[in-house]
2 protein chains.
Amino acid sequence: MKHRRNTTATAEILNLLSQSKTALSHANIQQSLDGLCNRVTIYRVLDRLTEDGVVHKIVNIDGVVVYAICHTCTSKEHHHNHLHFSCEKCHAVTCLDNIEPSFKLPKKYKVNHVNFTVSGICPLCC
Amino acid sequence: MKHRRNTTATAEILNLLSQSKTALSHANIQQSLDGLCNRVTIYRVLDRLTEDGVVHKIVNIDGVVVYAICHTCTSKEHHHNHLHFSCEKCHAVTCLDNIEPSFKLPKKYKVNHVNFTVSGICPLCC
DNA sequence: CTATATTTGCAACAATAGTGCAAAAACAAA
DNA sequence: TTTGTTTTTGCACTATTGTTGCAAATATAG
Ligand SMILES: [Mn+2]
Ligand SMILES: [Mn+2]
Ligand SMILES: [Zn+2]
Ligand SMILES: [Zn+2]
């Protein structure tokens, strides 16, 4: 693995994601950082964090990409089978780390990644 | 519901989607139609078909939007809980209409839509 | 055939993401 | 602390995908 440097951009983005109870989009992060770094840097930092398994990337039900800290992953064992809930009212995207949908595929299929997203109204909005 | 007219663009796009065993992207359709109509028209036809519940829109695991004929839907009862498989080799996106992942959410959540996509290697490529 | 509502094409716009490259910054070794 | 190397950053540009306003064309009901 490539050596990573400790920069303010990375530290701040990681800080934001760590503090947040919900997954964050590039736009969310850019707004919060308020000019701390260039928008391209945010893309690149997020790519690196994803590559290193520090965060995971979620393609939301509406196609918007959001990022969230990996809670249950180790650097060797990645495990992103959990459900994501996207609130249609407050637009929060939440990792439901302990809810893992079950399904059975014919074994001719080899599964590498999953993306499970449901949308609706979250407990805070209902 | 608004009245729909029978145009060549709509007929051809519907034909493509009906014939296809896999879900098609706007780009796929544009290529197949080979100039039959403007690219904006394709977007608009797909929007109308989706609105009318003739096709359903799938946000693939990589964020690319694809469309597929609704097989199990009636105009009043829509039901898109099935799994979608996205092959990393041949890039085919397939509706697995009879595979419906099961999951249990705390009942404080109200679910309106779901999107279940898995990627890997399909039976044809393995 | 005519009147009307829908559909289309075009050109322009908008939003989001990716690239090449030179400058800046981080870090390790001296 | 200084130096040398590699990573990271900002900038300007490009790419991709989808949307909009509007006038012209077309489908359909009567
Ligand atoms: Mn998650
Ligand atoms: Mn489907
Ligand atoms: Zn909410
Ligand atoms: Zn395949």
Side-chain angles (χ1 to χ4, degrees), chain A residues 1-17 23-68 75 86 91 93 115 117, chain B residues 1-17 23-68 75 84 86 91 93 113 115 117:
Chain A
M1 203 219 284
K2 222 176 191 180
H3 192 254
R4 300 302 190 194
R5 291 181 180 183
N6 186 14
T7 67
T8 27
T10 306
E12 276 309 306
I13 291 170
L14 205 43
N15 188 42
L16 278 175
L17 287 165
L24 302 176
S25 66
H26 176 274
N28 293 152
I29 293 171
Q30 186 175 16
Q31 191 159 36
S32 294
L33 289 184
D34 191 32
L36 177 100
C37 69
N38 189 270
R39 130 201 114 73
V40 181
T41 301
I42 302 176
Y43 282 118
R44 296 201 265 222
V45 168
L46 288 170
D47 280 351
R48 267 178 262 145
L49 291 174
T50 305
E51 205 180 304
D52 295 349
V54 177
V55 303
H56 64 289
K57 194 174 177 168
I58 305 144
V59 175
N60 197 0
I61 201 160
D62 58 3
V64 174
V65 173
V66 292
Y67 297 86
S75 65
S86 177
H91 300 108
V93 179
N115 189 34
T117 315
Chain B
M1 203 218 285
K2 225 176 191 179
H3 192 255
R4 300 302 192 195
R5 292 181 179 182
N6 186 12
T7 66
T8 26
T10 305
E12 275 310 306
I13 291 170
L14 205 43
N15 187 43
L16 278 175
L17 287 165
L24 302 177
S25 66
H26 175 274
N28 292 152
I29 293 171
Q30 186 174 15
Q31 191 157 35
S32 295
L33 289 184
D34 190 33
L36 176 100
C37 68
N38 189 270
R39 116 202 130 78
V40 180
T41 300
I42 303 176
Y43 281 118
R44 297 201 265 222
V45 168
L46 289 170
D47 280 351
R48 266 177 264 147
L49 292 174
T50 305
E51 206 179 304
D52 295 348
V54 178
V55 304
H56 64 289
K57 193 174 177 170
I58 305 144
V59 176
N60 197 1
I61 201 161
D62 57 4
V64 173
V65 173
V66 292
Y67 296 85
S75 64
H84 296 110
S86 177
H91 301 108
V93 179
H113 301 100
N115 187 28
T117 315

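Model, not experiment: these values are computed from the prediction. Residue numbers start from 1 in every chain, and the chains themselves are labelled A, B, ... in the order their sequence lines are given, proteins ahead of strands.
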Asker: For the helix from C:dC1-D:dG30 to C:dA30-D:dT1, how many degrees between its two end axes (five pairs per end), to the nearest 10°?
Answerer: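 End-to-end axis angle: 30°.
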
Asker: Please report, rounded to the nearest Å, how far the P atom of C:dA17 is from the CG atom of A:Asn38.
Answerer: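 The answer, rounded to whole Å, is 14 Å.
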
Asker: Can you figure out which of C:dA17, C:dT8, D:dT9 approaches the side chain of B:Thr41 most closely?
Answerer: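 When the side chain of B:Thr41 is considered, C:dT8 is the closest of C:dA17, C:dT8, D:dT9.
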
Asker: Within this structure, what is the CD-to-P distance between A:Gln31 and C:dT16, rounded to whole angstrom?
Answerer: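 Rounded to the whole Å, the gap is 12 Å.
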
Asker: Calculate the interatomic distance between A:Glu51 atom CD and D:dT7 atom P; express it in whole Å.
Answerer: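 Interatomic distance, CD of A:Glu51 to P of D:dT7: 12 Å.
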
Asker: Are any protein N/O atoms closer than 3.5 Å to N/O atoms in nucleotides 26-30 of chain D? If there are, list each pair with its distance.
Answerer:
unit_1 : atom_1 : unit_2 : atom_2 : d
D:dT26 : O2     : B:Arg5 : NH1    : 3.4
D:dA27 : N3     : B:Arg5 : NH1    : 2.8
D:dA27 : N3     : B:Arg5 : NH2    : 3.4
D:dT28 : OP1    : B:Asn6 : N      : 2.9

Asker: Is there a side-chain contact between B:Thr10 and B:Arg4 (heavy atoms, below 4.5 Å)?
Answerer: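 When only atoms from C-beta onward are counted, B:Arg4 and B:Thr10 do not touch, as no gap falls below 4.5 Å.
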
Asker: Could you tell me how far apart B:Ile13 (CD1) and C:dT7 (P) are, to the nearest whole angstrom?
Answerer: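 Going from B:Ile13 (CD1) to C:dT7 (P), I get 12 Å.
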
Asker: For B:His26 and A:Cys37, find the nucleotide of DNA chain D closest to each by heavy atoms; which residue's nucleotide sits nearer the 5' end?
Answerer: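 Nearer the 5' end of the strand: A:Cys37.
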
Asker: What I want to check is whether an N or O donor and acceptor connect the side chain of B:Arg39 with the base of D:dG18 at under 3.5 Å.
Answerer: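 Looking at the base of D:dG18, it does pair with a donor or acceptor on the side chain of B:Arg39 (distance under 3.5 Å).
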
Asker: Is a side-chain N or O of B:Asp47 found less than 3.5 angstrom from the main chain of B:Arg44, in a donor-acceptor match?
Answerer: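 No; zero donor-acceptor contacts below 3.5 Å.
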
Asker: Given atom CG of A:Asp52 and atom P of D:dT7, what is their separation to the nearest angstrom?
Answerer: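 It is 13 Å, rounded to the nearest whole Å.
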
Asker: Taking B:Asp62 for the side chain and B:Val64 for the main chain, is one N or O donor matched with an acceptor at less than 3.5 Å?
Answerer: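 Side chain of B:Asp62 to backbone of B:Val64, a donor-acceptor pair under 3.5 Å: yes, one is there.
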
Asker: Testing B:Leu24, B:Val45, B:Thr7, B:Thr41 for side chain to side chain contact (heavy atoms under 4.5 Å, CB included) with B:Ile13, which one passes?
Answerer: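 That would be B:Val45.
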
Asker: Would you kindly give the CD1-to-C1' distance between B:Ile42 and C:dC10, to the nearest whole Å?
Answerer: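 Interatomic distance, CD1 of B:Ile42 to C1' of C:dC10: 15 Å.
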
Asker: Any sub-3.5 Å donor-acceptor pair from A:Thr50's side-chain atoms to A:Leu46's backbone N or O?
Answerer: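 Yes, A:Thr50 side chain to A:Leu46 backbone: donor-acceptor pair under 3.5 Å.
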
Asker: Classify the side chain of B:Arg44 versus the base of D:dT19 as yes if they form a donor-acceptor pair under 3.5 Å and no if they do not.
Answerer: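 No such pair is found, so the answer is no.
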
Asker: B:Arg48 has an atom CZ; how far is it from atom P of C:dA5, in whole Å?
Answerer: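 Nearest whole value for this atom pair: 17 Å.
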
Asker: For B:His113, look at atom NE2 and say whether over 12 heavy atoms of other residues, nucleotides or ligands are found less than 6.0 Å away.
Answerer: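 No, the 6.0 Å shell around NE2 holds no more than 12 heavy atoms from other groups.
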
Asker: Any donor-acceptor pair under 3.5 Å linking the side chain of B:Asn60 with the backbone of B:Val93?
Answerer: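 Such a contact is absent between B:Asn60 side chain and B:Val93 backbone.
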
Asker: Touch check for B:Ala9, heavy atoms < 4.0 angstrom, all strands: base, sugar-phosphate only, or nothing?
Answerer: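 Sugar-phosphate contact only.
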
Asker: Return the value, rounded to whole Å, for the distance between atom CG of A:Leu46 and atom C1' of D:dT9.
Answerer: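 Value for this atom pair: 15 Å.
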
Asker: Do A:Gln30 and A:Leu33 make a side-chain contact, defined as non-hydrogen atoms from C-beta onward lying under 4.5 Å apart?
Answerer: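 Of all side-chain heavy-atom pairs linking A:Leu33 with A:Gln30, none is under 4.5 Å.
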
Asker: Using atom types as modelled and distance alone, determine if a side-chain donor or acceptor of B:His26 lies under 3.5 Å from a backbone N or O of B:Arg39.
Answerer: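 Yes: the side chain of B:His26 pairs with the backbone of B:Arg39.
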
